[in-house]
Amino acid sequence: MSSRVEPLLPRFASVEKVIERLKPVEPVYVLHPGRFAAAAKRFIDSFPGDTLFAVKANPAPLVLDQVYAAGIRHFDTASLPEIELVRGRFPDAICHFMAPVRAPGSAKAAFERFGVTDYVVDCDFELDKLLAETKSPKKLRIFVRIATPLGGAVLELSSKFGTTPEDAARLLKRVAEAGAAPAITFHVGSQCLSPFSYAQAVEMARRTALLSGVEIAALDLGGGFPGPYPGNDVPPYHWYFDTIREALQTFGAKVPPVLCEPGRALIAEGMSLITQVILRKGDSLYMNDGVYGSFDELTLPGWTADYHTKSFTLDVKNRALPLPGEQRPFRIFGPTCDTLDVLPRPLMLPENIAAGDFIVFEAIGAYSVAVRTSFNGFFPDNWAVVGN
Ligand SMILES: *Cc1c(COP(=O)(O)O)cnc(C)c1O
């Protein structure tokens, strides 16, 4: 199940080998196929429904290939270009248009050109527009998004989208009256460290369904499943799936079919990033990647995970060796001329680190590549594969 481009990528036995062979002066994204496979397997084996990959977390074609090769066939797409990207690459993929606000005409194109039948709304305006553009309500499954309380997530996603249970119940009735299949969705927030947040949200969905009086055709539990970053005390995944399974029992004899839309959890671990120190000035390091490149998420307010890095130096025999020495804090600047291009917290590194040494950031797959810019001419886009 290899992809079209991946066989052309350089393949190495380890990250050290990448450093020894390429001595990269530009950042290199390293893909670990085994880690993508393991992440997908957790969901495929244990989530009690369909698993959709949320494309926004990492839309790089080489990463989509990994997710597809790992067995994921459903994609949470939030725009027409994302649908075109996924279906252009995997004609048998099933796209679900799970953004509650859509540009005019995009639902029409998604429905007519790609046969997309799942949509989300959280207000009358978007529901009216969706029904007017698709004109075939009986073929649609329309998810009404409810806002969930601020729970165990590091990044909340309910102040922008989602409505109250009462308003959602009214919209569900409208969906049913229009002839479409009424369904419910929510997103507990990204990097959610509490499995119980899902149980709370399922309970809100159950009460919303009850209020509406209509039978729910599906329940979409959104994304939010965490990446395994050090310093975040991430609970074991089975706690999430067990909690979700138990919460679904409260629907009694009528447990609706369920879906989930993990982004981060399917792709965070699969990617590491090799960066190089360009200059050391005292305790400041000037790196070849920064917050306008791969490190945007590390600057978000409330982001609590520790930096997860390893550092290497090339010895006289061209071997990449872990840097020895005591650890001490360094300020990490990116390569652009902008003062804001700096990590908000110091990084602990061996005291002898110098220009030309390498810092490898682990578990960097989520919201890195997806939001990188070419500000000041720096656009990280070199790729390599480690392992099979
Ligand atoms: C961002 C997003 C996701 C993915 O969230 P993760 O926290 O990366 O799992 C899923 N669904 C929707 C609607 C989103 O906006």
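Note that the numbering runs from 1 along the sequence shown for the chain. Start at 1 and go down the list; that is how both ligands and their atoms are numbered. Heavy-atom basis, side chains included; hydrogens, waters and symmetry copies ignored.
Side-chain contact check for L266 versus F36: every heavy-atom pair is 4.5 Å or farther apart.
Aromatic ring centroids of F111 and F97 lie 6.0 Å or more apart. For W303 and Y229, the gap between ring centers is short of 6.0 Å.
The aromatic rings of F225 and F43 stand perpendicular to each other, their planes meeting at an angle above 60°, with 30° marking the opposite boundary.
Between the OH atom of Y119 and the CD1 atom of I142 there is a distance of 9.5 Å, given to the nearest 0.5 Å. Rounding to the nearest 0.5 Å gives a distance of 11.0 Å between CZ of F312 and CG of D357.
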Pick out the protein N or O atoms lying less than 3.5 Å from any N or O of ligand 1, and list each pair with its distance.
unit_1	atom_1	unit_2	atom_2	d
ligand 1	5 (O)	H187	NE2	3.0
ligand 1	7 (O)	S190	OG	2.4
ligand 1	7 (O)	G224	N	3.2
ligand 1	8 (O)	R264	N	2.9
ligand 1	8 (O)	Y367	OH	2.6
ligand 1	9 (O)	G224	N	2.8
ligand 1	9 (O)	G263	N	2.9
ligand 1	11 (N)	D76	OD2	3.1
ligand 1	11 (N)	E261	OE1	2.5
ligand 1	15 (O)	K56	NZ	2.8

